[in-house]
Colleague: 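Please find one structure pasted underneath; my questions will follow.
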Amino acid sequence: MFVAAAIPKILDPPAFAHMIYNYRLVPGGLINALALVMPWIELFAGLALVLGVWKRAAALVAGALLLVFLVAIGWNLARGHAIDCGCFDVRSAGKSREEQLADMRWVLLRDVGLLILTAQVLAATSPRVGSSSRLSRG
Amino acid sequence: MVRASNVGRVLALLVLAAAGAAISNLAATTQRKLPWVGNYPQALKFEPAAALPSSPPTRIEKKEAPAEIAQSPPSTAAPAAKSAVTSPATGAGDLVRSFPPHPDKPALEIAPADVQRLYEGKALFLDARRSSVYAEGHIAGARSFPVWESDIDQRVKGLYEEGLDQRAPVVVYCSGGACEDSHMLAEKLYMVGFDNVLIYKDGFPDWQKRALPTSKGANP
């Protein structure tokens with residue numbers, strides 16, 4: 001999912017910068033840098049998880065990204081600011097405010113689910129899990 | 001517990017990501033390139049939707065002095081709106097009389113009927129949406145000024161260097177609704193001295209709905 005989400009953002013950074021701007025949470029000077037780097041973080045974390053290399057580090061990065069997404073979506077949902085999430089598609093979907101808010105609730109749920117999966121990877125690769133000493137090297 | 005090796009790997013992932021972003025941005029076309037430091041003065045501004053009227057005036061911070069984008073004052077544009085549907089095409093002088101410059105504000109938001117009158121009067125129209133969206137369809141004759149693309153400042157500078165009358169009305173538009181690209185373009189135009197920027201708030205969707213002239217492709 002991270003890899004799939006990263007591709008459209010990497011292909012069109014200005015569109016992703018516009019999405020970040022719409023969140024109204026990032027200072028103007030940082031928006032472009034975030035739009036340029038964040039998709040690549042998603043891509044490398046996703047690839048590492050898929051390929052099974054540096055699994056714990058990749059899960060930590062993925063978890064941190066998911067927490068950022070959760071806070072950003074949750075914050076805007078709480079203050080009634082309807083936006084396109086820009087998760088997999090960086091072009092405006094032209095949806096109504098109500099549709100956008102409904103989508104944001106689903107995104108929140110999905111990100112919680114992904115965070116749980118990430119926590120499982122972290123638990124499985126924990127050095128404290130005796131039986132997973134082989135995994136912890138990943 | 002996060003071991004030192006994992007911290008190193010996390011840092012390595014971040015460095016790889018930054019390198020990927022840098023190379024990708026260097027190789028990107030003008031339409032897909034981004035300057036690393038953005039300039040979006042309104043980036044943290046948020047007003048609850050419930051507290052806003054349907055077409056709210058929007059404040060814009062200007063370096064020299066605070067300025068605001070306001071709705072068109074009733075004394076000038078509102079009468080024009082009433083006569084817009086039936087009025088014939090007007091000259092540039094008539095347009096300036098009907099839509100006088102407003103050097104204290106980056107832009108005024110205007111009603112669709114005023115937009116039509118300005119179009120008939122051959123006012124300059126600028127499209128603030130992405131160039132790819134512009135190519136899919138735009139107001140016939142409007143020029144592309146994609147505010148999210150890396151060459152926007154060069155385009156604005158180029159327009160300034162054309163030596164146009166900066167007091168003449170310039171209409172900017174984007175996708176209507178919550179789209180703010182036209183406001184961002186208005187501020188850039190204001191900063192180089194255009195004193196009569198007018199925002200077509202309902203934008204291209206409204207223009208299409210009213211079956212007014214459109215064009216496709218990269219050219220006006």
Side-chain angles (χ1 to χ4, degrees), chain A residues 6 10-18 20-45 47-48 53-62 64 75-76 79-84 91-92 94 96-97 100 122 125-128 136-137, chain B residues 1-3 5-25 28-51 61 129-133 146-150 152 174-181 184 205:
Chain A
I10 287 172
L11 292 178
D12 195 353
F16 186 46
H18 197 172
I20 296 175
Y21 174 86
N22 288 342
Y23 276 80
R24 300 307 174 100
L25 290 173
V26 180
L30 298 179
I31 288 176
N32 288 0
L34 202 59
L36 287 165
V37 176
M38 191 191 277
W40 285 91
I41 299 176
E42 280 184 287
L43 180 71
F44 283 124
L47 281 176
V53 293
W54 293 3
K55 274 191 290 192
R56 189 166 175 78
L60 284 168
V61 170
W75 188 276
N76 278 304
R79 63 181 179 174
H81 182 38
I83 44 174
D84 290 316
R91 287 188 65 160
S92 171
S96 69
R97 183 172 186 274
Q100 285 177 322
L122 285 174
T125 56
S126 169
R128 288 185 183 180
S136 67
R137 277 184 247 129
Chain B
M1 191 180 140
V2 181
R3 288 189 306 172
S5 62
N6 283 316
V7 173
R9 287 169 183 174
V10 166
L11 288 175
L13 280 173
L14 298 181
V15 170
L16 275 173
I23 293 167
S24 165
N25 200 39
T29 61
T30 305
Q31 289 81 17
R32 302 287 167 101
K33 207 184 278 288
L34 262 186
W36 279 85
V37 180
N39 178 23
Y40 313 111
Q42 305 290 303
L44 292 173
K45 186 187 168 196
F46 170 72
E47 290 172 18
E61 297 300 323
R129 303 170 302 160
R130 296 294 302 279
S131 50
S132 57
V133 182
V147 79
W148 282 95
E149 293 179 11
S150 61
I152 183 61
C174 54
S175 306
C179 173
E180 290 186 29
D181 297 356
M184 295 168 79

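Reminder, nothing fancy here: chain letters follow the sequence lines and each chain counts from 1.
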Colleague: Drop me the distance from B:F46's CZ to A:H81's NE2, to the nearest 0.5 angstrom.
Modeller: 5.5 Å
Colleague: Step by step, work out the side chain to side chain contact (heavy atoms under 4.5 Å, CB included) result for B:L13 and A:I41.
Modeller: CA-CA 7 Å; B:L13 280 173; A:I41 299 176; over 6 Å; no
Colleague: Roughly how far, to the nearest 0.5 Å, is CH2 of A:W40 from CD1 of B:I23?
Modeller: 7.5 Å
Colleague: Can you tell me which of A:L30, A:L11, A:I10 forms the most heavy-atom pairs within a distance under 4.5 Å of chain B?
Modeller: A:L11
Colleague: What are the two closest non-hydrogen atoms of B:A21 and A:L36, and how far apart are they?
Modeller: CB-O, 3.2 Å
Colleague: Measure across A:P27 and B:A43 and return the closest heavy-atom pair with its distance rounded to 0.1 Å.
Modeller: C-CB, 4.2 Å
Colleague: B:R130 versus chain A, heavy atoms under 4.5 Å apart: side chain, backbone, both or neither?
Modeller: side chain
Colleague: For residues B:K45 and A:R24, report the shortest heavy-atom separation together with the two atoms involved.
Modeller: O-NH1, 2.5 Å
Colleague: Could you tell me whether the side chain of A:N32 and the main chain of B:P35 form a donor-acceptor pair under 3.5 Å?
Modeller: yes
Colleague: For a quick test of reading the model, state the closest non-hydrogen atom pair linking B:W148 to A:P14 and the distance between them.
Modeller: O-CB, 3.2 Å
Colleague: A:V26 versus chain B, heavy atoms under 4.5 Å apart: side chain, backbone, both or neither?
Modeller: backbone
Colleague: Chain B heavy atoms under 4.5 Å from A:A64: which part of the residue, side chain, backbone, both or neither?
Modeller: neither
Colleague: Under 4.5 Å from any heavy atom of chain B, what part of A:L25 do you find: side chain, backbone, both or neither?
Modeller: backbone
Colleague: In the structure I gave you, are the side-chain heavy atoms of A:H18 and B:D181 within less than 4.5 Å of one another anywhere?
Modeller: yes
Colleague: Tell me whether B:W36 at atom CH2 has more than 12 heavy atoms from other residues, nucleotides or ligands lying less than 6.0 Å away.
Modeller: yes
Colleague: Can you tell me which of A:Y21, A:Y23, A:F44 forms the most heavy-atom pairs within a distance under 4.5 Å of chain B?
Modeller: A:Y21
Colleague: Which residue out of B:L44, B:V10, B:L14 racks up the most heavy-atom pairs below 4.5 Å with chain A?
Modeller: B:L44
